[in-house]
Colleague: 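Got a structure for you, questions after.
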Amino acid sequence: MQILDGKLVAQAVKDSLKQKVDALKKEGKKAPHLAAILIGHNGASETYVASKVKTCEELGYQSTLIRFEDTVEEQVLLQQINELNADNNIHGILVQLPLPKQISEEKVINTIAAEKDVDGFHPSNMGKMIQGQPAYIPATPYGILLLLEHYKIETKGKHAVIIGRSNIVGRPISILLSQNTPTGNCTVTLCHSHTRNLKEICLQADLIVAALGKPEFLTADMVKDGAVVIDVGITRVEDKTKKKGYAIKGDVHYDTVAPKCSYITPVPGGVGAMTIAALMQNTYLAATKKQ
Ligand code: NAD
């Protein structure tokens, strides 16, 4: 069993980006500039955004963090996005999800200019991605592909089973793995909360992507020997023995599943680390296209 070390690969991606940004600056060009909007005080969202801002600093990017209370009116938020769309100094915009109930996620995503949509959630980017055209690929699926590529994991002809069909993880990775690309050409089964016989389906998988948000859901009896297992899940589970009062759990029961796998991602230190690296890659792209 080999661990797919997201921290290591993410660092390699970030080192390469830092070099490129240093070169951009020497040429007198602008460093990539990411604007992040954070609404409310959700603990996980705070952590994700802080980590994105910190990574921008490490790479020499500019970042702007805009905060709203969770009572913010939809119109105010959309107005802020429009201002960022019109600002030539901003190359990438992200609005941290989830959003408070009074705000339509669809409206927010559709308002972000497609060329600044570094999360890759805008229908224009999603549509292009489905057709295999150049587009911003959502950061988590993109991070998974970078990981598969780094470890030269053969995907061609393999049966990939995805658990979870969200627009940000499950559905896009199901499409990307099915495409005629070096990290694609899988036969894909997309499973969700209404899937019957999930265990039987998983037992046929050469590659499993667990992205359902249920801690330690995927157990050893659902995984065939030699499978590649990618754990996307990040859930805070109460743990009084930890300083913060919680532990981070993936969707895979790591201790029992890992010995059966050819490759597996840990949580933390797997897909999560790659997601930020992929976001930085998209932001660099947005900045250089503009210049
Ligand atoms: P989501 O809640 O939007 O979607 C969950 C999906 O899982 C749904 O499509 C649902 O049909 C499916 N599902 C739920 N219960 C199921 C079951 N019993 N059997 C089969 N399918 C089931 O979740 P999401 O936003 O895609 O996130 C999934 C997990 O990944 C969460 O833990 C989230 O925190 C994590 N996540 C991690 C990263 C990262 O960077 N590592 C990024 C995004 C999300």
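Numbering of ligands and ligand atoms starts at 1, following listing order.
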Colleague: Which atoms of ligand 1 sit under 4.0 Å from any heavy atom of V271?
Modeller: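 By the 4.0 Å cutoff, the relevant atoms are 41 (N).
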Colleague: Can you confirm whether Q11 is buried at CD, in the sense that more than 12 heavy atoms of other residues, nucleotides or ligands lie under 6.0 Å from that atom?
Modeller: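 More than 12 heavy atoms, drawn from other residues, nucleotides or ligands, come within 6.0 Å of this atom.
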Colleague: Nearest protein heavy-atom contact for atom 42 (C) of ligand 1: which residue, which atom, what distance?
Modeller: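 Result: T140 OG1, 3.1 Å.
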Colleague: Out of all atoms in ligand 1, which are within 4.0 Å of some heavy atom of I163? Include the element for each.
Modeller: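 Matching atoms, with element in brackets: 20 (C), 21 (N).
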Colleague: Do Y151 side-chain atoms and D5 backbone N/O form a donor-acceptor pair below 3.5 Å?
Modeller: yes
Colleague: Quick one: does T195 get within less than 4.0 Å of ligand 1, heavy atoms only?
Modeller: no
Colleague: Identify the closest protein heavy atom to atom 18 (N) of ligand 1: which residue and atom is it, and at what distance?
Modeller: F217 CE1, 3.6 Å
Colleague: Kindly state each residue pair satisfying salt bridge (Lys or Arg N to Asp or Glu O under 4.0 Å) with at least one member in residues 72-84, sequence neighbours excluded.
Modeller: E74-K107
Colleague: Can you pull out the closest protein heavy atom to atom 6 (C) of ligand 1? Residue, atom name and distance to 0.1 Å, please.
Modeller: G164 CA, 3.6 Å
Colleague: Protein heavy atoms near atom 2 (O) of ligand 1, is at least one of them under 4.0 angstrom away?
Modeller: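 Within 4.0 Å of atom 2 (O) of ligand 1, no protein heavy atoms are found.
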Colleague: Against heavy atoms of I168, which atoms of ligand 1 measure under 4.0 Å?
Modeller: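 Here the atoms of ligand 1 in question are 25 (O).
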Colleague: Could you identify the single nearest non-hydrogen protein atom to atom 21 (N) of ligand 1 and state the distance to 0.1 Å?
Modeller: H192 C, 3.1 Å
Colleague: Would you mind finding which of P138, S193, A211, G233 brings a heavy atom closest to atom 11 (O) of ligand 1?
Modeller: S193
Colleague: Between the candidates S166, P141, P98, A278, which shows the shortest non-hydrogen contact distance to atom 4 (O) of ligand 1?
Modeller: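 Looking at heavy atoms only, S166 sits closest to atom 4 (O) of ligand 1.
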Colleague: Could you check whether atom CD of E27 has more than 12 heavy atoms from other residues, nucleotides or ligands sitting under 6.0 Å from it?
Modeller: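 Enclosed.
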Colleague: Within a distance of under 4.0 Å, is there any protein heavy atom near atom 32 (O) of ligand 1?
Modeller: yes
Colleague: Indicate yes or no: does K26 engage D22 in a salt bridge with an N to O separation below 4.0 Å.
Modeller: no
Colleague: Would you mind telling me if ligand 1 is within reach of the side chain of M274, the backbone, both or neither, using heavy atoms under 4.0 Å?
Modeller: neither
Colleague: Nearest protein heavy-atom contact for atom 15 (N) of ligand 1: which residue, which atom, what distance?
Modeller: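 Closest protein heavy atom to atom 15 (N) of ligand 1: K214 NZ, 2.9 Å.
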Colleague: Using a strict cut-off of 4.0 Å, indicate which atoms of ligand 1 neighbour a heavy atom of T275.
Modeller: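 So the answer, numbered in order with elements, is 39 (C), 40 (O).
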Colleague: Does the K25 side chain pair with the main chain of G60, one donor and one acceptor, at a distance under 3.5 Å?
Modeller: yes
Colleague: I'd like to know whether D206 forms a salt bridge (charged side-chain N to carboxylate O under 4.0 Å, His left out) with K224, so could you lay out the CA-CA distance, the side-chain angles of the two residues, the decisive distance to 0.1 Å, and finally the verdict.
Modeller: CA-CA 8 Å; D206 303 304; K224 81 172 177 191; 2.8 Å; yes
Colleague: Of the protein's non-hydrogen atoms, which lies at the shortest distance from atom 8 (C) of ligand 1, and what is that distance?
Modeller: R165 N, 4.0 Å
Colleague: Heavy atoms only: which of I201, V232, L97, L279 is nearest to atom 37 (C) of ligand 1?
Modeller: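 Considering heavy atoms of I201, V232, L97, L279, the nearest to atom 37 (C) of ligand 1 sits in V232.
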Colleague: Applying a 4.0 Å heavy-atom criterion (strictly less than), which segment of L212 is in contact with ligand 1: side chain, backbone, both, or neither?
Modeller: both
Colleague: Starting from atom 44 (C) of ligand 1, locate the nearest protein heavy atom and write down its residue, its atom name and how far away it is, to 0.1 Å.
Modeller: V169 CG2, 4.0 Å
Colleague: Using modelled atom types and a 3.5 Å cut-off, is there a donor and acceptor pairing between side-chain atoms of K116 and backbone atoms of N85?
Modeller: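 Indeed, once roles are kept as given, a pair shorter than 3.5 Å links the two residues.
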Colleague: Keeping D251 on the side-chain end and L212 on the backbone end, is there a donor-acceptor pair under 3.5 Å?
Modeller: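 Indeed, once roles are kept as given, a pair shorter than 3.5 Å links the two residues.
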Colleague: Suppose the criterion is side chain to side chain donor-acceptor pair (under 3.5 Å): which pairs have a residue in residues 256-266, not counting sequence neighbours?
Modeller: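 Residue pairs with at least one partner in residues 256-266: H253-T256.
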Colleague: Does any N or O in the side chain of Y136 come within less than 3.5 Å of the main-chain N or O of E115, such that one atom is a donor and the other an acceptor?
Modeller: yes
Colleague: Please check this pair: side chain of N42 against backbone of S45, looking for a donor-acceptor N/O pair closer than 3.5 Å.
Modeller: yes
Colleague: Could you find the nearest protein heavy atom to atom 34 (O) of ligand 1 and give me its residue, atom name and distance?
Modeller: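 Going atom by atom, the protein heavy atom closest to atom 34 (O) of ligand 1 ends up being I234 O, 3.0 Å.
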